[in-house]
Amino acid sequence: MVQLKIAVLDEEEAYLEQLKGYFVCKNEKFFKIWTFSKVEIFLDKAEEETVFDAIVMTLSFWHKLENYKSCAKKILLCEGERDELTKDSLFVSKYQSVKKLFCQISSMLWKESEKEDGRFPENTAELIGVYSPVHHESQMIFSMTMAQIFGESQKVLYINLMEHSGFYQLVKGDITEDIGDLIYGMMQEEHDFTAGLHRIRQTYRNFDYIPPVVNPEHLSEISKPLFEQLFMALKKQSGYDVILIDFGMVFLGFAEMLPVFSSFYCLGREGMINRYRIDEFLEYLKKEGGHTMAHMNRILLPERIAYLEEGNPLDGGLYGGMGDYIRRCLYGGAEIE
């Protein structure tokens, strides 16, 4: 998994111990932090070719490292008023929860400057969609295993847009907010999408996810413009390399938004009626225009993968069963109709 590497410089060693304790307690995998109470120790570590994404430091360290050259973003760990030298710098307040602190740091590291002409900036996320018109029971396992495979070398975000998918039983996460809260925030004026995204994102194994809706009615309340706004924001502002979206149903404007995705997987299964369902879905897309089919992959997912042993079906599947099958699908070894 790709991690954000953060150096935190503060003379208050008790505060640094608090930060490290939080990361151990939460088993945080998204960030990797180094803490330094002396500038000399930091410089020695930097000379070991440790590449930091951000250097978060108090004012005293800021002045000591005024001439230090680095590709890392410098962020002031603010304890009070900023002086003339730091008035235009990136900053976070020291006296807040660690969770909020690193949510703000995420936002600063990943926020892209938006282009006025509406074109995507060069550094955008790759969107991958998965949908099964036959409601294949292994769709979510397929998608989450794919997320793990991509997550071995890239920053990956998984989003589940299904009703009662069983997702929470798989991840056993401590959830306080879900994607409904993110979308509600998008409806408010001056909403910071990146900060909102990183406030509610969770980590599972080697990928991140946005908790799916607990109340399925919230999905039906999402309008076409809101879906479009969500996909564009994910593509342009999230900072991830790959975003994998699991669809549970077709919504208003679904076909029109497919060109935003670099690839889309339509999962089928054996059976005459199931084949009819897939054919009808693809015909519906064709009527919307040939551009909707440009990145569509029709995959016949074997039934033997659908009947998994008891326990968490993601365990042991990364390098066997579903994982092997997906690798063949992605790289041309499996049959794609």
Side-chain angles (χ1 to χ4, degrees), residues 1-2 29-30 110 120 123-133 135-163 165-168 170-171 173 178-179 182-183 193-194 197-198 200-213 219 222 227-228 230-251 254 257-268 294-299 301 305 312-314 317-318 321-331 334 336:
M1 179 184 181
V2 178
K29 298 177 181 177
F30 185 74
W110 281 0
F120 295 141
N123 240 350
T124 58
E126 176 186 1
L127 264 59
I128 297 175
V130 180
Y131 174 65
S132 175
H135 305 298
H136 201 297
E137 61 217 86
S138 288
Q139 177 183 338
M140 186 170 64
I141 305 304
F142 175 92
S143 302
M144 293 180 73
T145 304
M146 185 188 295
Q148 288 189 84
I149 292 171
F150 282 122
E152 293 173 335
S153 59
Q154 300 177 85
K155 294 194 292 281
V156 177
L157 179 68
Y158 171 78
I159 295 177
N160 186 307
L161 293 177
M162 297 178 175
E163 302 175 358
S165 63
F167 178 86
Y168 289 111
L170 285 178
V171 303
D178 61 34
I179 193 170
L182 176 64
I183 292 174
F193 176 83
T194 310
L197 174 72
H198 291 289
I200 68 172
R201 63 102 187 147
Q202 303 282 330
T203 299
Y204 180 75
R205 298 189 177 179
N206 62 352
F207 64 88
D208 291 346
Y209 67 88
I210 300 300
V213 294
L219 286 175
I222 305 175
F227 266 123
E228 186 174 24
L230 173 65
F231 295 153
M232 291 299 102
L234 287 170
K235 192 174 183 74
K236 298 169 62 176
Q237 296 174 248
S238 71
Y240 286 93
D241 300 315
V242 176
I243 298 175
L244 201 151
I245 302 178
D246 238 342
F247 291 93
M249 59 184 294
V250 171
F251 50 84
F254 178 86
M257 297 182 200
L258 288 189
V260 174
F261 291 79
S262 60
S263 57
F264 206 101
Y265 293 90
C266 174
L267 306 184
H295 306 292
M296 182 65 64
N297 300 298
R298 176 177 174 176
I299 296 178
L301 198 60
I305 297 181
N312 191 326
L314 291 170
L318 188 57
M322 183 68 81
D324 288 345
Y325 181 80
I326 290 173
R327 285 182 173 87
R328 292 196 300 270
C329 288
L330 294 177
Y331 298 106
I336 299 180

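In this text the structure is predicted, and so the values were computed from the model without any measurement. Side chains included, hydrogens not; waters and symmetry mates left out as well; all remaining heavy atoms used.
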Residues that Glu163 engages under side chain to side chain donor-acceptor pair (under 3.5 Å), provided they are two or more places apart: none
Aromatic contact, Tyr131 with Phe264 (centres under 6.0 Å): no
Flag side-chain contact, heavy atom, 4.5 Å: Ile200 against Asp178: no
Atom pair CG/CZ of Asp241 and Phe150 - distance to nearest 0.5 Å: 11.0 Å
Residue pair Phe231 / Ile243, side-chain heavy-atom distance below 4.5 Å: no
Residues Glu126 and Ser262: side-chain donor-acceptor under 3.5 angstrom: yes
Short side-chain donor-acceptor distance under 3.5 Å, Tyr240 and Asp208: yes
From CD1 (Ile326) to CE (Met144), nearest 0.5 Å: 11.5 Å
Listed partners of Ser263 passing side chain to side chain donor-acceptor pair (under 3.5 Å), at least two apart: none
Gap separating the OG1 atom of Thr194 from the CD atom of Gln237, nearest 0.5 angstrom: 5.0 Å
Check: Met162 and Pro212 side chains under 4.5 Å, non-hydrogen atoms: no
Where Thr145 and Met322 come nearest, the two heavy atoms and their spacing: OG1-CG, 3.8 Å
Any side-chain donor near an acceptor of the partner, Thr203 and Arg201, under 3.5 Å: yes
Residues in side chain to side chain donor-acceptor pair (under 3.5 Å) contact with Gln202, at least two apart in sequence or another chain: none
Heavy-atom check, side chain of Leu267 versus side chain of Phe142, under 4.5 Å: yes
CA sep, side-chain torsions, deciding dist, call: Ile299, Cys266, side chain to side chain contact (heavy atoms under 4.5 Å, CB included): CA-CA 6 Å; Ile299 296 178; Cys266 174; over 6 Å; no
Donor-acceptor pair between Asp246 and Tyr158 side chains, under 3.5 angstrom: yes
Heavy-atom pair of closest approach, residues Arg205 and Gln148: CD-OE1, 3.3 Å
Proximity of Phe227 and Phe254 rings by center, below 6.0 Å: no
Residues Leu230, Ile222; criterion side chain to side chain contact (heavy atoms under 4.5 Å, CB included); working and verdict: CA-CA 10 Å; Leu230 173 65; Ile222 305 175; over 6 Å; no
Any Leu244 side-chain heavy atom under 4.5 Å of Phe207 side chain: no
Nearest-0.5 Å distance, CD1 of residue Ile128 to CD1 of residue Ile245: 10.0 Å
Pairwise distance CG(Asn160) to OG(Ser165) - rounded to 0.5 angstrom: 4.0 Å
Gap separating the CG atom of Leu161 from the CZ atom of Phe247, nearest 0.5 angstrom: 6.0 Å
Student check: side-chain heavy atoms of Tyr265 and Met296 closer than 4.5 Å: no
Sub-4.5 Å side-chain heavy-atom contact between Val242 and Leu157: no
Validation row: Leu170, Ile141 side chains within 4.5 angstrom (heavy atoms): yes
